[in-house]
Amino acid sequence: MMPPVFRFAPSPNGALHLGHAYSALLNLDRARESGGRFLLRIEDIDATRCRPEFETAIYEDLAWLGIAWENPVRRQSEHLADYRAALDKLSALGLVYPAFESRAEIARLVAVREAGGPWPRDPDGAPLYPGNAKSLSAGERTRLIASGTPYALRLDMAAACGRVGGLTWNELGEGPNEERGTVPAHPEAWGDVILARKETPTSYHLSVVVDDALQGVSEVVRGQDLFHATSVHRLLQELLGRPAPTYRHHKLIRDEAGRKLAKSSRSTGLRDLRAAGATPASIRRLVGLD
Ligand code: GLU
């Protein structure tokens with residue numbers, strides 16, 4: 001039997017806080033108790049927000065917490081060809097189309113739609129894609145691309161869902177409404193999600209699915225804020241013929257006011273806690289992992 005594989009996958013776009021420590025330590029504990037492997041993955045596809053100094057700080061903070069990971073670390077920015085190959089596969093299935101609206105144009109279209117009644121929002125609260133790029137003719141697409149108009153590549157969600165049966169996943173933790181066990185996936189709730197942007201030739205959803213499969217991740221341990229995203233991940237796994245890991249979504253660490261922690265918050269940042277005298281053991285106690 002292959003040992004189980006776990007991963008902690010932070011984005012280097014800010015400083016790690018108690019919530020990250022909890023997620024990383026839970027992964028580590030699960031790996032230790034199951035004789036599994038612990039991998040670290042740097043999710044740095046967003047070049048506008050990720051910075052090398054945050055990445056260096058991630059290594060330092062995790063080492064300070066007593067976490068050891070396997071080398072080499074997978075840095076997503078070094079594997080764009082892998083995501084491109086997955087995108088090509090989805091394109092070959094006829095499930096991808098270019099959408100040319102700018103962010104401002106999308107906001108305007110949503111406002112127009114909302115003037116006529118409620119417009120659906122995805123589980124994160126963002127309006128679903130309101131455009132009609134899916135029905136542009138091949139000639140119109142070619143003309144826009146040739147003219148240099150920037151575009152994003154979107155998943156044709158209706159066609160994608162039509163290719164697969166009802167999807168589920170195995171939830172070992174729990175969702176925001178205590179969902180656990182065999183959970184039905186509802187990718188349609190996300191609409192035509194973006195798979196790649198002009199400036200970033202992949203997306204969070206696509207890279208996470210490709211990497212979890214390539215790295216043989218068998219149990220994904222991550223925060224409940226990504227519970228609903230799992231529906232999109234299951235769909236992409238199915239379309240790409242990749243295996244489904246099991247999922248363990250964990251509670252989020254909140255501040256005294258009950259708010260989700262922000263990367264900029266000083267009171268819960270690992271650096272600041274450490275400077276104020278915290279120890280790895282006291283961090284474990286703070287997040288309830290005695
Ligand atoms: N990179 C994501 C984050 O920092 C986590 C991705 C995942 O665990 O699936 O929120």
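Just follow the structure's listing: the first ligand is 1, and inside any ligand the first atom is 1.
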Determine, step by step, whether Thr48 and Asp46 satisfy the side-chain hydrogen bond (donor to acceptor under 3.5 Å, both in side chains) criterion, reporting the C-alpha distance in whole Å, the side-chain angles of both residues, the deciding distance to 0.1 Å, and the verdict.
CA-CA 5 Å; Thr48 57; Asp46 184 352; 2.5 Å; yes
Ring pair (Phe, Tyr, Trp, His ring centres under 6.0 Å) evaluation trace for His20 with Tyr22
CA-CA 5 Å; His20 298 105; Tyr22 180 58; over 10 Å; no
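- Near ligand 1, residues Arg7, Ala9, Pro10, Ser11, Glu43, Tyr204, Val208, Arg222, Leu226 each place a heavy atom inside the 4.0 Å sphere around the ligand atoms.
- No option in Trp190, Tyr204, Trp169, Tyr247 other than Tyr204 meets the ring-ring contact (aromatic ring centres under 6.0 Å, His included) test with His233.
- Looking only at distances, no side-chain donor or acceptor of Arg75 sits under 3.5 Å from a matching main-chain atom of Ile42.
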Given Ser207 and Thr202, is the side-chain hydrogen bond (donor to acceptor under 3.5 Å, both in side chains) satisfied, shown in steps?
CA-CA 7 Å; Ser207 338; Thr202 181; 3.1 Å; yes
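- Under a 4.0 Å N-O distance rule, the pair Arg74/Asp82 qualifies as a salt bridge.
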